[in-house]
Each structure stands twice: as C-alpha cells, then as structure tokens.
Undergrad: 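Below is one structure. I have some questions about it.
Side chains included, hydrogens not; waters and symmetry mates left out as well; all remaining heavy atoms used.
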Amino acid sequence: MNTFKSQVEKDNGSVFLNPDEFGATHTINGKEVQSVVQNVLTSAEATTGGSVKEIYPGVYGSHVMVNCMKKDVEEVPVYGMVIDLDDHEYMVEQVNDDMGMLTILLVANDR
C-alpha cells in the first residue's frame, strides 16, 4: 500500500512536472531540470531584504516562480543567492520546500 508521502512524490513528477501537462525542461545553474516556470509580475516594487517592500519609481523588475523537485537541483537555493535560469540571472527572494517540491521565487532588475 502506498503511503500519502510516496503518492505525493510520485504525483509531483508524473503529473505536475509532466511535460505533457505543466512541466518543461529549463536550465537552472547549468543543469537541465524538469520544472514549471511562471512569470508572476512586473512592477516597480523592490525588496530591501526581509519582508519590507517599498515602491521605487523607475525601477523595473520581474518576478519568476519556479517549481521543481528538490532532488533535481544540485543545491537548494537560499535567500539572496544568484541563480541562472535559462541564461538570465535572478536573485532568490523566497524558497519553500513542500514535500520535496521546491517553490522558488526569483527577482531580477530588468532595467
């Protein structure tokens, strides 16, 4: 009998990251990883390091959310770390580990 955790792990790879459903191959720090990448927003909002966000007119950036399996990345990212995603540099703003599935929020200054 499958445990709940083993079923979730199986579903993460076979459903959520399945290239026929939501997933695609993206390059994260030089390694091809099956993942879901979504553009979250583009705004004039900037973080000062922590949970405080301030508006800076004229500062343009993009937020990208990446979902991938923890076991597929060489190193679990942490706040402030620079990540190369598909040949574009981003800074890690937040990381959550949900039963082996990482949700990584990335930010870049596009100006």
Undergrad: Check whether V78 and I83 end up in the same hydrophobic cluster, where Ile, Leu, Val, Met, Phe, Trp and Tyr are linked by side-chain heavy atoms less than 4.5 Å apart.
TA: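 Same cluster: V78 reaches I83 through Ile, Leu, Val, Met, Phe, Trp or Tyr contacts under 4.5 Å.
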Undergrad: Any side-chain heavy-atom pair from V66 and L85 closer than 4.5 angstrom?
TA: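 Yes - at least one pair of side-chain heavy atoms lies under 4.5 Å apart.
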Undergrad: Is there side-chain contact between M65 and T103, with heavy atoms separated by less than 4.5 Å?
TA: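 Contact flag for M65/T103 side chains = yes.
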Undergrad: What's the shortest heavy-atom distance between D72 and K31, and which atoms?
TA: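 Between these two residues, the closest heavy atoms are O-NZ, 2.8 Å.
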Undergrad: Working note: K70 + V76, criterion side chain to side chain contact (heavy atoms under 4.5 Å, CB included); need CA distance, chi angles, decisive distance, verdict.
TA: CA-CA 7 Å; K70 181 179 180 178; V76 176; 3.8 Å; yes
Undergrad: Looking at CD of Q94 and OH of Y79, how far apart are the two atoms once the value is rounded to the nearest 0.5 Å?
TA: 10.5 Å
Undergrad: Measure from the side-chain N and O atoms of N67 to the backbone N and O of S35, and report whether any donor-acceptor pair falls under 3.5 Å.
TA: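 Checking the backbone N and O of S35 against the side chain of N67, no donor-acceptor pair under 3.5 Å is found.
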Undergrad: Would you please test Q38 and F22 for side chain to side chain contact (heavy atoms under 4.5 Å, CB included) and show each step?
TA: CA-CA 10 Å; Q38 304 171 67; F22 306 109; over 6 Å; no
Undergrad: Starting at CG of D84, measure out to CD of E89 and round the result to the nearest 0.5 Å.
TA: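 Here the interatomic distance stands at 6.0 Å.
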Undergrad: Where do L105 and V40 come nearest, in terms of heavy atoms and distance?
TA: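 Heavy-atom minimum between the residues: CD1-CG2, 4.1 Å.
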Undergrad: Any heavy-atom pair between the side chains of H63 and V107 that's under 4.5 Å?
TA: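 V107 vs H63: side chains touch.
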Undergrad: Check M101 against F16 and note the closest heavy-atom contact, atom names and distance.
TA: CE-CB, 4.1 Å
Undergrad: Just jot down the side-chain hydrogen bond (donor to acceptor under 3.5 Å, both in side chains) partners of Q7, sequence neighbours excluded, or say none.
TA: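 Q7: side-chain hydrogen bond (donor to acceptor under 3.5 Å, both in side chains) contacts with N2, D11.
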Undergrad: Can you tell me if T27 and E32 form a side-chain donor-acceptor pair at under 3.5 Å?
TA: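 Looking only at side-chain atoms, E32 and T27 do not form any donor-acceptor pair under 3.5 Å.
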Undergrad: Looking at side-chain heavy atoms only, is the closest gap between C68 and I104 below 4.5 Å?
TA: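 The answer is yes, as the side chains (C-beta and beyond) meet within the 4.5 Å cut-off.
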Undergrad: Would a 4.5 Å heavy-atom cut-off, applied to side chains only, mark L17 and M69 as touching?
TA: yes
Undergrad: Out of curiosity, Q34 CD to I28 CD1, how far, rounded to the nearest 0.5 Å?
TA: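 Answer for the CD-CD1 pair, Q34 versus I28, is 10.5 Å.
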Undergrad: Find out whether V95 and L102 are in side-chain contact, i.e. whether some heavy atom of one side chain is under 4.5 Å from a heavy atom of the other.
TA: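 V95 reaches L102 side chain to side chain.
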